[in-house]
Amino acid sequence: MATNRTFTMIKPDAVENNYIGGILKMINDAGFRIVALKYTKLSTEAAGKFYEVHKERPFYGELVTYMSNGPIVAAILEKDNAVADFRTLIGATDPTKADEGTIRKIYAKSIAANAVHGSDSDENAQIEGDFFFSKLERF
Ligand code: ATP
Ligand code: MG
């Protein structure tokens with residue numbers, strides 16, 4: 001079933017560079033409503049679990065280390081066509097290939113430290129949101 005929600009994280013590199021405000025402004029300006037929001041830090045174990053789908057990929061170890069290296073901002077976002085529209089807003093995984101005006105083009109340093117996460121399907125948006133937020137934390 002298609003939903004109108006997606007899940008995002010502002011990743012450690014973007015938090016460290018003080019891009020939280022700029023990224024949240026771009027998200028709001030693009031028409032997404034914030035359903036849930038949390039400033040937190042992933043343990044190595046939690047990052048490993050979150051990215052379990054990438055376990056077999058060569059960059060898995062690097063990704064888990066990087067994502068548990070500093071605080072992140074997690075959020076559930078709402079908008080019509082949320083998953084696809086948010087992927088458009090953030091741009092390609094590799095910021096050198098991201099379109100002008102996308103979050104990754106503006107804020108990402110590299111393919112590994114690429115500023116934001118965006119869910120790739122409605123199913124994963126649900127799973128990822130549930131990973132971070134209880135029912136009481138959604139508005
Ligand atoms: P995300 O899931 O974070 O929104 P994505 O869907 O654009 O990103 P994925 O293929 O799901 O890209 O990869 C997950 C994350 O793994 C990327 O965002 C990036 O941080 C890291 N990653 C992807 N490819 C590479 C690579 N070739 N080298 C290093 N890190 C990578
Ligand atoms: Mg992905």
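Each ligand, and each atom within it, is numbered from 1 in the order the structure gives. Here the structure is a predicted model, which is why all the values come from computation and not from measurement.
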Partner residues of D130 under the salt bridge (charged side-chain N to carboxylate O under 4.0 Å, His left out) criterion, sequence neighbours left out | R138
When you look at CG of D99, are more than 12 heavy atoms from neighbouring residues, nucleotides or ligands closer to it than 6.0 Å?
-> no
Is the number of heavy atoms from other residues, nucleotides or ligands under 6.0 Å of D29 CG greater than 12?
-> yes
Indicate whether the side chain of N4 and that of K79 have a donor and an acceptor atom separated by less than 3.5 Å.
-> no
Under 4.0 Å from ligand 1, residues with heavy atoms, in chain and number order, are K11, Y51, H54, R57, F59, E62, L63, R87, T93, R104, I111, A112, N114, H117, G118
Is there a donor-acceptor contact under 3.5 Å from the side chain of R87 to the main chain of G118?
-> yes
Would you please say whether a donor-acceptor pair under 3.5 Å links the side chains of Y107 and D13?
-> no
